A.B. asks: 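I'd like to ask some things about the structure below.
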Amino acid sequence: MSYAKVFSVGLVGVTGHLVEVEADLAPGLPAVVISGLPDSALHEARDRVRAAIVNSGQRWPNRRITLNLLPATMPKYGSAFDLAIAAAVLGGSGELPLVPLDGVVILGELGLDGTVRPVRGVLPMVAAAARAGRDRVIVPVENAAEAAVIPGVRVRAVDTLHRLVCFVRDGDPLIEPPATPPPPAVDGPDLSEVAGQALGRRALEVAAAGGHHLALLGPPGAGKTMLAERLPSILPELDDAAALEVTALHSIAGLLPPGGRLLRRPPFQAPHHTATVPSLVGGGSGLARPGAVSLAHRGVLFLDEAPEFSKGALEALRQPLEHGRIQLARSGGGTEYPARSQLVLAANPCPCAKPAGDAYCECSPLARRRYLGRLSGPLLDRIDVQVKLLPVRAAELMEAATASESSATVAARVATARQAAAVRWAPVGRRLNAEIPGPHLRQPPWRLPARDTAELRGRLDSGAVSARGFDRIIRLAWTIADLDGRTRPQREDVLEAIQLRTGEGA
C-alpha cells in the first residue's frame, strides 16, 4: 500500500476545521514534500516525524513521500499535525494497518525521541471534530483532561509514538483521561473589604447586572482598583456555552490551568500600562493569537492608570467594545476572536497623584485637562458608567468590615437582575441590557414614556449627550429597574442613569 489517510484538526482563530492528512509514497529519490498551505512549523514536521519514527523502532521508507493536508485552501499552522503525519506515513509504507484509526482524529506534536507533546487549542479542536461527526480522538496525555470536557467524544491519550503503534498493530490499550477533580473553592477579594464609596459600589453593581463598561475616576487611595478587582466576585458563573468559549480562548493562548476543567468563573485581565496594541487586541506572526480583550471575553478587562496607556492601545479597543469581537488581518490570513468583555477604566484626576485639594496637588488646571484628555471622547462615549469617587473619610476607613455588604449578597441581586433581563430579551436572542441595540429600545413596546425621558431628551437636543450616550443611558435605566425589582424603568431610574453616565452628583 502506497497511500494512506488519517484525520486531524486545524485551527483558524478559535474555530476548528477537520483536516485530512494524506500520504502518498512513490518510487523516486527520497524526499518529503508537504502541500496544503503549511506554515514554517509544519514544514519542519518532516524532520521531527522522521527522527521520531526511527527512534521509535520503526523503519523510515526511503521513497518519495508527498504529504497533503486537505482542504488545501485553508492555511495550516503549528505542530499539532505531527502525530497524524507519522501515522499516515507508517500506514502508507505498509508498516501499520490503519483500520483501527478509521475515522479517528489524531492530535499531537512529536519530539525527536518519539514522545508526544501537548499542543495548544485542543479544546476547540476536539469540539470541531465533534461538530464534524467524529466521536473518537487521540490526544497527548497532557491534553487528555482538557479534551474530555467535550461531551459525546471518546478521548484516548498517548505519551509516545510507540504506544500508538502498539495500539494499531497489537491492540494494546491507550491511556484513559484522568478523572476530573472537583473545582477549587473560590477564594478571592470580597466587596466587604471596600471602605465607604457608596456611589462606587452602586456603579459596580449596576455594571455587573447589565454588563456595562465602567470608568472610575478619583484621587489616589479612593478605592478604584479595589472596586475593579472585586467586579468578578459579583458576576454569575458562566453557563456551558460561555464556559466553552472562554476555555477555548485560554486553550489557544496556552493559559489553561492544569486539570482540564471548564473555566466557570468570569476571567479577569489586568494588563500593565506599558502593554502594546497586539498584546491588548491580539497579534503575532502567522496565526494571530488572542489578546487581553479576548482573554477577558465574558469577564473583565481592567486598565488601571488608563491615561498612562498609549493612545494607539486605547483607541484599538473602540471596535471590540462596540461589536463584541475583534477582527485581525495578517498577511498569512485573517481571523476573528470574540471580545465581549466588560471594560473597567481607572484614572487619577492628574499626573502628580497626590491627595486632592489645592494644598497638595501641584498640577495646573491645564495639566489636569491634558492628563484626562488622553482618554479620548469617542472612547469615553462607549463607557456606560462614569463615576467620580471622593476621598475616603476617616470614619468610613475605621468602620467595621461587617458594615459593608459582601460580594455574595450583591451577587445574589445581580443574578436576579440578569435573570429578569434574560427572560425579557429572550425573543431577540440577547441576555444583557448592554447588548440590546438602541433602535430596539426606542420602538414600542419598549420605548419609555416622554414624561420619563424629558430630562434625557433635553440633554440630547442641547448636545450634552450624544445619540450613543442616549441609548446607553436608556440601557442603564433598564438595569437599574431590574435591580430594584421593577418591570419597566421610571423617571427616577432615568435620572439615576444620567448621574451614573455623567458623574454628576458625586
Side-chain angles (χ1 to χ4, degrees), residues 197-217 227-228 231 234-236 300-301 321-322 324 340-345 377-389 410 413-425 428 430-443 445-460 462 464-506:
Q197 297 301 356
L199 177 60
R201 295 171 64 94
R202 176 63 170 177
L204 199 73
E205 183 175 343
V206 171
H212 305 286
H213 304 305
L214 173 65
L216 299 170
L217 310 175
L227 285 168
L231 178 54
I234 62 175
L235 294 175
V300 178
L301 175 63
L321 289 183
E322 194 75 18
R340 195 167 293 281
S341 56
Q342 279 185 258
L343 177 65
V344 180
L345 302 178
L379 175 64
L380 288 177
D381 202 30
R382 290 167 167 82
I383 308 298
D384 303 20
V385 182
Q386 304 176 28
V387 294
K388 299 176 182 178
L389 304 182
V410 179
R413 290 199 300 266
V414 168
T416 302
R418 284 200 172 202
Q419 180 61 30
V423 172
R424 179 172 60 248
W425 306 126
V428 295
R430 305 298 175 98
R431 298 181 60 86
L432 297 175
N433 292 321
E435 299 174 355
I436 302 301
H440 190 81
L441 294 175
R442 298 194 299 269
Q443 301 295 328
W446 308 114
R447 184 170 60 194
L448 300 182
R451 65 178 181 275
D452 294 338
T453 60
E455 172 71 17
L456 179 57
R457 287 186 288 109
R459 288 172 177 261
L460 178 63
S462 67
V465 172
S466 67
R468 179 188 286 115
F470 181 94
D471 290 339
R472 292 183 181 273
I473 289 174
I474 294 297
R475 293 172 184 150
L476 281 174
W478 278 98
T479 300
I480 293 169
D482 290 336
L483 281 171
D484 294 343
R486 289 185 288 275
T487 57
R488 292 181 68 87
Q490 299 175 358
R491 180 175 179 272
E492 292 74 15
D493 301 323
V494 177
L495 293 178
E496 183 180 357
I498 293 174
Q499 176 191 355
L500 291 176
R501 168 73 180 186
T502 62
E504 296 176 358

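Throughout, residue positions are numbered sequentially from 1 according to the sequence presented. Keep in mind that what you see is a predicted model, and the values were worked out from it rather than measured.
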A.B. asks: Grab the two heavy atoms, one from Glu322 and one from Arg382, that are nearest each other, plus how far apart they are.
C.D. replies: OE1-NE, 3.2 Å

A.B. asks: Contact between Leu441 and Phe470 at the side-chain level, heavy atoms closer than 4.5 Å - yes or no?
C.D. replies: no

A.B. asks: Which heavy atom in Leu476 sits nearest to a heavy atom in Asp384, and how many Å separate them?
C.D. replies: CD1-O, 3.4 Å

A.B. asks: Within this structure, what is the CG-CD distance for the pair Leu483 and Glu205, rounded to the nearest 0.5 Å?
C.D. replies: 5.0 Å

A.B. asks: Strictly distance-based, threshold 3.5 Å: is any side-chain N or O of Ser466 a donor or acceptor partner for the main-chain N or O of Gly469?
C.D. replies: yes

A.B. asks: Which pair of non-hydrogen atoms, one from Pro489 and one from Asp452, has the smallest distance, and what is that distance?
C.D. replies: O-OD2, 4.1 Å

A.B. asks: Are any of the side-chain heavy atoms of Ile474 and Thr453 separated by less than 4.5 Å?
C.D. replies: yes

A.B. asks: Whether Glu455 and Arg459 form a salt bridge (side-chain N of Lys/Arg under 4.0 Å from carboxylate O of Asp/Glu) is what I want to check.
C.D. replies: yes

A.B. asks: Ignoring hydrogens and angles, tell me if any N or O in the side chain of Arg457 forms a donor-acceptor pair with the backbone of Ala450 under 3.5 Å.
C.D. replies: yes

A.B. asks: Of all heavy-atom pairs between Ala203 and Val387, which one has the smallest distance, and what is that distance?
C.D. replies: CB-CG1, 3.8 Å

A.B. asks: Has Gln342 got a side-chain atom pairing as donor or acceptor with His213's backbone, closer than 3.5 angstrom?
C.D. replies: no

A.B. asks: Is any side-chain heavy atom of Arg201 closer than 4.5 Å to a side-chain heavy atom of Ile234?
C.D. replies: no

A.B. asks: In plain terms, say whether Glu435 and Arg424 are close enough for a salt bridge, that is, a side-chain N and a carboxylate O under 4.0 Å apart.
C.D. replies: no

A.B. asks: Closer than 4.0 angstrom, basic N to acidic O: yes or no for Arg472 and Asp381?
C.D. replies: no

A.B. asks: Checking side chain to side chain contact (heavy atoms under 4.5 Å, CB included) for the pair Ile480/Leu500: CA distance, chi angles, key distance, verdict?
C.D. replies: CA-CA 10 Å; Ile480 293 169; Leu500 291 176; 4.1 Å; yes

A.B. asks: Enter the distance from Leu389:CG to Leu217:CG here, rounded to the nearest 0.5 Å.
C.D. replies: 7.5 Å

A.B. asks: I need the single residue from Thr487, Thr416, Asn433 that forms a side chain to side chain donor-acceptor pair (under 3.5 Å) with Asp482. Which is it?
C.D. replies: Asn433

A.B. asks: Heavy-atom count around Arg431 CZ within 6.0 Å, excluding the residue itself: above 12?
C.D. replies: no

A.B. asks: Short question: side chain of Asp471, backbone of Arg468 - any donor-acceptor pair under 3.5 Å?
C.D. replies: no

A.B. asks: CG/Leu379 to CG/Leu343 distance, rounded to the nearest 0.5 angstrom?
C.D. replies: 7.0 Å

A.B. asks: Within this structure, what is the CG-CZ distance for the pair Leu380 and Arg501, rounded to the nearest 0.5 Å?
C.D. replies: 8.5 Å

A.B. asks: Less than 4.0 Å between a side-chain N and a carboxylate O, is that true for Arg413 and Asp484?
C.D. replies: no

A.B. asks: State, yes or no, whether a side-chain contact exists between Asp493 and Gln490 at a heavy-atom distance under 4.5 Å.
C.D. replies: yes

A.B. asks: Write down the atom of Pro437, the atom of Arg430, and the distance for their closest heavy-atom approach.
C.D. replies: CD-NH1, 3.9 Å

A.B. asks: Do the non-hydrogen side-chain atoms of Gln419 and Pro236 ever get within less than 4.5 Å of each other?
C.D. replies: no

A.B. asks: How far apart are the C-alpha atoms of Val465 and Ile498, what are their side-chain angles, what is the distance that settles it, and do they pass the side chain to side chain contact (heavy atoms under 4.5 Å, CB included) test?
C.D. replies: CA-CA 10 Å; Val465 172; Ile498 293 174; over 6 Å; no

A.B. asks: Considering all heavy atoms of both residues, which atom of Leu235 and which atom of Ala208 are nearest to each other, and what is their separation?
C.D. replies: CD2-CB, 3.7 Å

A.B. asks: Nearest 0.5 Å, what's the CG-CG distance between Leu214 and Leu204?
C.D. replies: 6.5 Å

